[in-house]
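Contents: one structure, followed by commentary.
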Amino acid sequence: MLTIRQILADKEAIIAGLEKKHFNNARDIIESVIAIDQQRKSAQQKKDNASQQMNVLSKSIGALMAKGEREQAEQVKAQTAQLKEDVRTYESEMAQAEEEQRNLLLTIPNVPYSIVPDGATADDNLAVKTGGWQAGNGIDILCQDNDKAFAIEGASIALRDWKDEYNPTRQEELLPHWELAKKYHLIDFDLGVKIAGAGFPVYTGQGAHLQRALIQFFLDEATKAGYTEIMPPTVVNAASGYGTGQLPDKEGQMYHAEVDDLYLIPTAEVPVTNLYRDEIVDEKQLPIKMCAYTECFRREAGSYGKDVRGLNRLHEFSKIEIVRIDTPEHSAQSHREMLDHVESLLKKLELPYRILRLSGGDMSFTAALCYDFEVYSLAQQRWLEVSSTSNFDTYQANRLHCRYRDAEKKVQLAHTLNGSALALPRIMAALLENNQTQDGILIPAALRPYFGSDRIQ
RNA sequence: GGAAAGAUGGCGGAGUGGUCGAUCGCGGCGGUCUUGAAAACCGUUGACCCGCAAGGGUUCGGGGGUUCGAAUCCCUCUCUUUCCGCCA
């Protein structure tokens, strides 16, 4: 959450930022937070005053008792009654104002950075970069900046020719991944329904093997990039959910084991970032770079329709997450490095991708700046989100009480960042669909050492 | 599931009603010594809130209570550890 200090320091900028995020009644809410803060401060001043007098009297009673002057002590005691009453009154005033303020602050989203595009929906996202392989039809899609048009043109990308080594499937004969999964016995959706339910696929044979290869590949790449591998629990307590902001906002999106009051994690971000909850680290330790592979669980309540087909939207999926904790001065650089890392993965997998800078209205509640990575899926002819890489500025850190001690020994809120590197199902979908040939599904070179073969047949 | 013990500052660990925000050790920081480093020695070192400051308040797992006064006593919740049982 935002701190009251941030709000007091630059009220107008905060309001403007919240409006950019399409947060309703931003001005009114900010004004009332400030008003409550006034109440809080005045209550504290009154309370501090009374407490001080109380402390003085108590000490003098102690001194009198020590000297054996019981009668005098009793007289002073008599004076404390009213003060004691006052302290209680002011304390409850203060506590009430604090709670009111906190509750209000919790409802206020993070403020976007200035470069975040205006707009309310995904249509307003800015495609800052596209990349991937050279299209067979000759359209140059490499590294075009600010190319919103590509979203439309993408549909006409032809399949890579694989250097004429193989016989590519003709565009009109491309199968969606759920058909390919059946054809090559990679994933059994029906069995998943039988043993768990829709959205819990069963990977079999080469499908399971490819899954494992991707996990290993992503973890190796992250490790090479300097991220420390973490293997956290896949359930967390409520405190952790509040720390990273899933609670209370997205309560209904997490599986909750009520008997033990534990939540199945929707992303490794939750356990990994929470490792640093209530910690003060030394600036020299920053940036802290961690990566983790976990299963992720999402109830996806309320999302039905055709985009849930196959691997597109699941209740359980595998994801490798990268997480950083950094100083405010260096966090932008960190963000950049994370984007470069994610992009390098997509390049190595030879997938066509685009990078979107999310608009104010499309960003998550807690993010200050967020880039989505999408890969183009040839058979479905649509973009699939495979990574979301965000800087949360101090927003999460404030909730987490994640701080660092700077060179001057001052304790400051850290910045937290995280990104998917990468989420498996849609990568798998794109790999299957884009690489289908008459001779099987081809495995990109970077993945072959992990998969142990150049194709699925 | 049964039984017991415990939760104190970055860490370890004292403290069982009155200058205790808390002895001490480690770690950190500054200094002396040294060509430099180590060692030794000296000093310093919690967080949060209010205040321009001086200063004040809060804080010993969370919440409530007793008391003029609570880290210390009582109630309650949460968590941890150990032993027994079960078990990958």
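In what follows, every chain begins at residue 1, and chains take the letters A, B, ... in the order their sequences are listed.
Rounded to a whole Å, the CD1 atom of A/Ile280 is 10 Å from the C1' atom of B/C48. If you measure from atom CG of A/Leu8 to atom P of B/C49, you get 12 Å, rounded to the nearest angstrom. Atom-to-atom, CD of A/Glu279 to C1' of B/G46 comes out at 14 Å; the value is rounded to the nearest Å. Summarising the geometry, the separation between CG on A/Asp406 and P on B/G28 is reported as 18 Å, rounded to the nearest angstrom. Atom-to-atom, CG of A/Leu413 to C1' of B/C48 comes out at 12 Å; the value is rounded to the nearest Å. The nearest whole Å value for the distance from the CZ atom in A/Arg403 to the C1' atom in B/G46 is 10 Å. What separates CD of A/Gln412 from P of B/G46 is a distance of 18 Å, to the nearest Å. In this entry the distance linking CG of A/Leu400 with P of B/C48 reads 16 Å, nearest Å.
Distance noted for atom P between B/G30 and B/C79: 42 Å (whole Å). Nucleotides B/G6 and B/C26 are separated by 23 Å at their C1' atoms, to the nearest Å. Using C1' as the reference atom, B/G15 and B/C73 are 16 Å apart when rounded to the nearest Å. Nucleotides B/C41 and B/C24 place their P atoms 15 Å apart, quoted to the nearest Å. With C1' as the reference atom, B/G21 and B/C60 are 9 Å apart, rounded to whole Å. Spacing between B/G31 and B/U81 at atom C1', rounded to whole Å, works out to 42 Å. Comparing the same atom, C1', in B/A88 and in B/A5 gives a spacing of 28 Å after rounding to whole Å. Look at the P atom in both B/G46 and B/G10: the space between them is 10 Å, to the nearest Å.
In this view, A/His330 and A/Asp326 satisfy the side-chain hydrogen bond (donor to acceptor under 3.5 Å, both in side chains) rule, not counting sequence neighbours. Annotation: side-chain hydrogen bond (donor to acceptor under 3.5 Å, both in side chains) contacts of A/Lys224 (sequence neighbours excluded): A/Glu221. The side-chain hydrogen bond (donor to acceptor under 3.5 Å, both in side chains) test applied to A/Gln285 returns no partner, not counting sequence neighbours.
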What string of B, S and - do you get for nucleotides 67-80 of chain B 5' to 3' if you count protein non-hydrogen atoms under 4.0 Å?
-BS-----------
Indicate for each nucleotide in nucleotides 55-62 of chain B, in 5' to 3' sequence, whether protein heavy atoms under 4.0 Å reach the base (B), only the sugar-phosphate (S), or nothing (-).
-BSS----
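For the atom pair CG of A/Asn418 and SG of A/Cys291, the computed distance is 13.0 Å after rounding to the nearest 0.5 Å.
Between A/Tyr404 and the options A/Lys284, A/Glu279, A/Glu283, a side-chain contact (heavy atoms from CB on, under 4.5 Å) holds for only A/Glu283.
Using Watson-Crick or G-U wobble geometry with both donor-acceptor distances under 3.5 Å, B/A40 finds its partner in B/U32. B/C26 is paired with B/G10 under the criterion used here, namely a Watson-Crick or G-U wobble arrangement in which both key atom distances are under 3.5 Å.
Taking the charged nitrogens against the carboxylate oxygens, A/Glu99 and A/Arg102 have no contact shorter than 4.0 Å, which rules out a salt bridge. Under a 4.0 Å N-O distance rule, the pair A/Lys194/A/Asp190 does not qualify as a salt bridge.
Not one side-chain nitrogen or oxygen of A/Arg405 sits closer than 4.0 Å to the OP1 or OP2 atom of B/C29. Dashed line: the shortest gap from a side-chain N or O of A/Lys284 to OP1 or OP2 of B/C29 is under 4.0 Å. One finds a side-chain N or O of A/Arg40 lying less than 4.0 angstrom from the OP1 or OP2 phosphate oxygen of B/C50. The side chain of A/Arg5 contributes an N or O atom lying less than 4.0 Å from OP1 or OP2 of B/C49.
Using a 4.5 Å cut-off on side-chain heavy atoms (C-beta onward), A/Arg277 and A/Thr244 make no contact.
Inspection of the A/Thr416 and A/Gln396 side chains reveals an N or O donor paired with an N or O acceptor under 3.5 Å. When only modelled atom types and interatomic distance are considered, A/Glu321 and A/Tyr227 share no side-chain donor-acceptor pair under 3.5 Å.
A/Val411 comes within 4.0 angstrom of the backbone, heavy atoms only, and of no base.
Classification of B/U76 as anti follows from a glycosidic angle more than 90° from 0.
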Which donor-acceptor pairs under 3.5 Å do side chains of residues 8-19 of chain A form with protein atoms, sequence neighbours excluded?
residue: A/Lys11; atom: NZ; partner: A/Glu31; partner atom: OE2; Å: 3.2
residue: A/Glu12; atom: OE1; partner: A/Arg27; partner atom: NH2; Å: 2.9
residue: A/Glu12; atom: OE2; partner: A/Arg27; partner atom: NH1; Å: 3.3

